[in-house]
Amino acid sequence: MADDNFFERVYEVVRQIPAGRVTSYGAIGHFLGSKRSARVVGYAMGAAGGARPPVPAHRVVNSQGLLTGKFHFPTFDLMEQMLASEGIVVEDNKVQNFKTVFWDPSIELL
DNA sequence: CGGGTGACGCATA
DNA sequence: GTATGCGCCACCC
């Protein structure tokens, strides 16, 4: 439920990601104060499937821009399909122009 | 209270 | 640039 847990904190940030932009687990963890807790962010994403409203986890990738969580989606091509729909170029499971489409909550979500 | 897990990140070779 | 290992923090059992 809407617990004030670290989870919902991550969900809230991810939901602020504008279309056509992506962010990394570490960036979110860093914004939350625990820059080394990227794993926790990823773990939160795992529970995002039961979060309401749904969280655009497809906009969250690792520091390499790699779609590490694409295999966790209902269908493995759903994630890149969503990103492509946003205008993000995905090649070989990784986001192209990652640096350009990168969205840093610590800066954009001031 | 203790142990194990995990959609990561960074350091080192 | 690629490969391997360790560390981190929060949640679940």
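Chain letters run A, B, ... following the sequence lines, proteins first, then strands; residues in each count from 1.
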Reckon [X] touches a base, only the sugar-phosphate, or nothing at all at heavy-atom distances under 4.0 Å?
X     : result
A:A48 : nothing
A:G46 : base
A:F73 : base

Given B:dC8, is OP1 or OP2 found less than 4.0 Å from the side-chain N or O atoms of A:S24?
no

Starting at atom [atom1] of [X], determine the distance to atom [atom2] of [N], rounded to an integer number of angstrom.
X     : N      : atom1 : atom2 : result
A:N62 : C:dC8  : CG    : P     : 20 Å
A:Y25 : C:dG7  : OH    : P     : 23 Å
A:N5  : C:dC9  : CG    : C1'   : 13 Å
A:F31 : C:dC9  : CZ    : P     : 19 Å
A:Q64 : C:dT2  : CD    : C1'   : 11 Å
A:R36 : C:dC9  : CZ    : C1'   : 13 Å
A:L66 : C:dT2  : CG    : C1'   : 14 Å
A:Y11 : C:dA10 : OH    : P     : 15 Å

Name the closest nucleotide to the [X] side chain, picking from [options].
X     : options              : value
A:F7  : B:dA7, C:dC8, C:dC11 : C:dC11
A:V40 : C:dC9, C:dC12, B:dG9 : C:dC9
A:S63 : C:dG7, B:dC10, B:dA7 : B:dC10

Cluster link A:V40 to A:V60, ILVMFWY, side chain under 4.5 Å:
yes

Single-linkage hydrophobic cluster A:F6~A:Y25, side-chain heavy atoms < 4.5 angstrom
yes

Given 3.5 Å as the limit, does a donor-acceptor pair link the side chain of A:S24 with the main chain of A:V61, or not?
no

Evaluate the criterion salt bridge (Lys or Arg N to Asp or Glu O under 4.0 Å) for residue pair A:E86 and A:R59; output intermediate values, then yes/no.
CA-CA 9 Å; A:E86 296 287 330; A:R59 293 182 186 158; 3.3 Å; yes

Parallel, tilted or perpendicular, as decided by the 30° and 60° cut-offs, for the rings of A:Y43 and A:F7
perpendicular

Classify the side chain of A:Y43 and the base of C:dA10 as holding, or not holding, a donor-acceptor pair under 3.5 Å.
no

Is the base of B:dG9 touched by the side chain of A:R39 through a donor-acceptor pair closer than 3.5 angstrom?
no

